[in-house]
> 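Structure incoming, see below.
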Amino acid sequence: MEVIHSPNAPAALGPYSQAMRVGNLVYTSGQIGIDPAAGKITARAIDAQTEQVCKNLGAVLAAAGTDLTRVVKTTCFLADIADFAAFNEVYARCFTGKPARSCFAVKALPAGALCEIEVIAEV
């Protein structure tokens with residue numbers, strides 16, 4: 001196993017790694033829309049937060065030697081299922097390979113985030 005860390009993505013908010021590489025797979029922790037330069041969520045709309053989440057995931061995957069086109073599975077969390085359509089529009093632009101996916105509405109997300117995504121990607 002190899003711990004993956006990117007300085008271009010937000011630091012973990014707790015006792016976990018941004019991602020772990022095991023063989024030819026990378027398992028990311030969930031990313032929320034924290035702007036790494038600001039150290040906090042700066043976007044208030046679901047589309048902008050989803051875009052930042054995808055940028056954060058892209059940075060973590062790049063540190064592992066892969067990218068969003070190599071994602072095989074995503075797990076998505078929404079603070080409000082009413083945001084599903086707007087979330088999906090951004091998601092479809094970022095995950096062009098149409099990976100397998102689960103998507104859940106949850107009661108709340110860390111730091112008041114509107115969405116969170118974790119991925120499994122091939123290296």
> Are I120 and M1 connected into the same hydrophobic cluster when the rule is that any two of I, L, V, M, F, W, Y join if their side-chain heavy atoms are below 4.5 Å apart?
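Both belong to a single hydrophobic cluster.
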> Counting only heavy atoms from other residues, nucleotides and ligands, does the tally under 6.0 Å from NZ of K73 exceed 12?
yes
> Quick one: closest heavy-atom pair of T50 and C115, and the distance?
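T50 and C115 have their closest heavy atoms at OG1-SG, 3.4 Å.
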> Of all heavy-atom pairs between I4 and A63, which one has the smallest distance, and what is that distance?
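Scanning both residues, the minimum pair turns out to be CG2-CB, 3.9 Å.
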> On a heavy-atom basis, which atom in A113 and which in A79 lie closest, and how many Å separate them?
O-CB, 3.8 Å
> Judged by atom type as modelled, is there a donor-acceptor pair below 3.5 Å linking the side chain of Q18 to the main-chain atoms of P10?
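At least one qualifying donor-acceptor pair exists.
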> Would a single hydrophobic cluster contain both L68 and I117, if residues Ile, Leu, Val, Met, Phe, Trp and Tyr are joined by side-chain heavy-atom contacts under 4.5 Å?
yes
> Has the side chain of N56 got a donor or acceptor atom that lies under 3.5 Å from a matching backbone atom of I34?
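Yes; judged by distance alone, with no hydrogens or angles, the pair exists.
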> Let me check something: do V3 and V22 share a hydrophobic cluster, defined by ILVMFWY side-chain heavy atoms less than 4.5 Å apart, either directly or through other members?
yes
> Which pair of non-hydrogen atoms, one from R93 and one from E51, has the smallest distance, and what is that distance?
NH2-OE1, 3.8 Å
> Would a single hydrophobic cluster contain both F84 and L109, if residues Ile, Leu, Val, Met, Phe, Trp and Tyr are joined by side-chain heavy-atom contacts under 4.5 Å?
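No, because L109 and F84 fall into different hydrophobic clusters, even though each may have its own neighbours under 4.5 Å.
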> Enter the distance from D47:CG to F87:CZ here, rounded to the nearest 0.5 Å.
12.0 Å
> Taking all atoms of both residues into account, what is the closest heavy-atom pair of Q52 and P36, and its distance?
NE2-CD, 3.6 Å
> Just by distance, do the side chain of T75 and the backbone of E118 share a donor-acceptor pair under 3.5 Å?
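Checked: no pair found.
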> For C76, is there any backbone N or O sitting under 3.5 Å from a side-chain donor or acceptor partner on T74?
no
> Between C94 and K55, is a side chain to side chain contact (heavy atoms under 4.5 Å, CB included) present by the stated rule, with each step listed?
CA-CA 9 Å; C94 296; K55 287 178 186 175; over 6 Å; no
> Ignoring hydrogens, what is the shortest heavy-atom contact between S29 and L57? Give both atom names and the distance.
O-CD2, 4.4 Å
> How far does CG of N8 sit from NE2 of H5, to the nearest 0.5 angstrom?
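Those atoms lie 8.5 Å apart.
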> Does V60 share a hydrophobic cluster with Y27, counting links as ILVMFWY side-chain heavy atoms below 4.5 Å and allowing steps through other members?
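Per the 4.5 Å side-chain linkage, V60 and Y27 are not co-clustered.
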> Has Q49 got a side-chain atom pairing as donor or acceptor with I41's backbone, closer than 3.5 angstrom?
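Looks like no, no N/O pair under 3.5 Å.
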> So do the side chains of Y91 and R101 get within less than 4.5 Å of each other, counting heavy atoms only?
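In contact.
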> Can any side-chain N or O of T66 pair as donor or acceptor with the backbone N or O of L61 at less than 3.5 Å?
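Answer holds: no.
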> Using 0.5 Å steps for rounding, measure from the CZ atom of F77 to the CG atom of L114.
15.0 Å
> Do P110 and I32 touch side chain to side chain, with heavy atoms closer than 4.5 Å?
yes
